[in-house]
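Worksheet for the structure shown next.
Chain identifiers are assigned alphabetically (A, B, ...) following the order of the sequence lines, protein sequences preceding nucleic acid strands; residue numbering begins at 1 within each chain. Just so you know, these numbers use all the heavy atoms, side chains as well, and skip hydrogens, waters and symmetry mates.
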Amino acid sequence: MDFGNIMLIAVSAILVNNIVLAKFLGLCPFLGVSKKLDASLGMGMAVIFVMTLASAVTWIIYEYFLLPIPKNFIFRFFHLFDPSVTPSMFDLAYLETIAFILVIASLVQLVEMVVQRISPPLYEALGIYLPLITTNCAILGVAELNTMTNHYSFIASVVHGFSAGIGFTLALILMSGIREKLELADVPPSLKGLPIAFMVAGLMSLAFLGFSGLKF
Amino acid sequence: MKLGGEFTKGLLKENPVLVLALGLCPTLAVTNTMVNGIGMGIAATFVLVCSNLVISLIKNLVPNRIRIPVFITVIATFVTVVKLVMAGYFPGLSKALGIFIPLIVVNCIILGRAEGFASKNNVLRSLLDGLGMGVGFMLILIIIGAVREILGAGTILGHPLFGESFKPALLMILPPGGFFSIAILIGLSNLLQKRLE
């Protein structure tokens with residue numbers, strides 16, 4: 001995996017295939033937290049942090065515990081006692097959804113405790129957003145994209161997770177800037193709130209479609 | 001509330017997508033054709049009914065502090081069942097829905113009903129609630145899927161609707177079309193609910 005490929009993954013995840021505006025992942029926090037600029041900054045940072053970490057951890061779980069390949073740790077453990085076992089007897093790939101969601105949920109809990117102990121100011125800034133992240137489908141979605149769909153290497157997975165987080169934050173900050181202005185606009189009563197936010201998101205998604213012309 | 005009311009409230013009055021604004025990601029992501037909408041709706045309804053059933057059965061056995069992880073595990077189990085069945089019997093649909101099948105786990109409708117309804121009510125009521133919410137969700141998926149497919153591709157369930165001269169608005173099956181359709185649908189439902197009052 002060379003540097004050019006890594007850059008391609010990063011630019012594609014931030015702009016071309018933006019996780020919110022092109023892939024429709026993480027819409028709930030995108031619409032729920034984008035009313036204030038500073039709140040969306042906090043949420044964005046928390047998502048970047050957890051998404052990068054979750055990409056790394058779920059990749060390790062998938063490659064070393066679930067896939068039926070010779071480096072599978074469960075296979076290696078049983079191989080010590082009984083040399084006749086084969087990797088294909090330990091095919092746990094179908095458990096990947098359950099494994100990932102439990103890993104992500106406990107990871108978020110762990111991150112919350114560690115951040116609270118190590119850096120109280122950071123906890124102040126991210127604290128209230130961390131519990132919300134477990135049910136942010138973008139985290140699980142990126143983990144699935146890394147392993148099941150794209151079969152990325154470890155480095156590529158981490159870079160993809162990090163840049164998808166950046167893409168999420170970018171969309172969230174742009175959206176909150178527009179919504180703060182939208183408060184003052186004269187909107188038809190039945191379009192107030194959610195519908196007009198969706199319209200704005202649609203226009204932003206239209207603008208981001210322009211990036212699909214990017215060529216390297 | 002009467003038993004019938006537990007079913008019908010999910011259709012319009014407490015519709016998960018239009019009123020509660022839950023489950024937005026799959027609503028927009030998989031509805032570029034009507035078939036995908038129906039497939040996703042059936043999958044989500046199955047998971048919703050089964051998880052509501054199991055959770056209302058085990059609600060007194062689960063300690064309060066660990067109830068969320070337990071609920072998520074129950075939901076993830078049924079999602080895995082759906083994923084394997086769909087990959088085995090409907091490989092085309094399974095490919096079209098892609099990662100949004102495993103992502104049913106984090107669909108807020110399902111955990112929301114488990115936590116907000118099934119953990120407090122008896123089995124029959126939870127079953128009807130799950131069914132009503134699932135059907136309400138599927139209804140929205142079918143409407144958005146149909147609108148986007150007709151305008152964006154000029155077909156319905158794959159059958160061409162218009163003559164050769166029809167130029168489909170490609171935008172509608174691209175991501176922006178999804179945002180615009182749901183914006184208009186929620187706006188119309190707000191208008192309708194206001195008129196009904």
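- Proximity to chain A involves both the backbone and the side chain of B:L191, based on heavy atoms less than 4.5 angstrom apart.
- Proximity to chain B is absent for every atom of A:I196, based on heavy atoms less than 4.5 angstrom apart.
- Heavy atoms of B:I99 lying under 4.5 Å from chain A belong exclusively to its side chain.
- Of the atoms belonging to B:L111, it is side-chain heavy atoms, and not backbone ones, that fall under 4.5 Å from chain A.
- Heavy-atom distances place both the backbone and the side chain of A:L140 under 4.5 Å from chain B.
- Here the CD1 atom belonging to B:I142 is positioned 13.0 Å from the CE atom belonging to B:M40, to the nearest 0.5 angstrom.
- For chain A, the nearby part of B:L171 is the side chain; its heavy atoms alone come within less than 4.5 Å.
- Interface remark: A:P189 contributes backbone and side-chain atoms alike to the contact with chain B (heavy atom separation under 4.5 Å).
- Looking at B:L24, both its backbone and its side chain come within 4.5 Å of chain A, counting heavy atoms on both sides.
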Counting backbone as well as side chains, what donor-acceptor pairs lie under 3.5 Å between chain B and chain A?
unit_1: B:K83; atom_1: NZ; unit_2: A:E96; atom_2: OE1; d: 2.5
unit_1: B:K83; atom_1: NZ; unit_2: A:T97; atom_2: OG1; d: 3.1
unit_1: B:N190; atom_1: ND2; unit_2: A:S190; atom_2: O; d: 3.0

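- Under the 3.5 Å distance criterion, with hydrogens and angles disregarded, a donor-acceptor pair is assigned to the side chains of B:E149 and B:T155.
- With a threshold of 4.5 angstrom between heavy atoms, B:I101 does not approach chain A through any atom at all.
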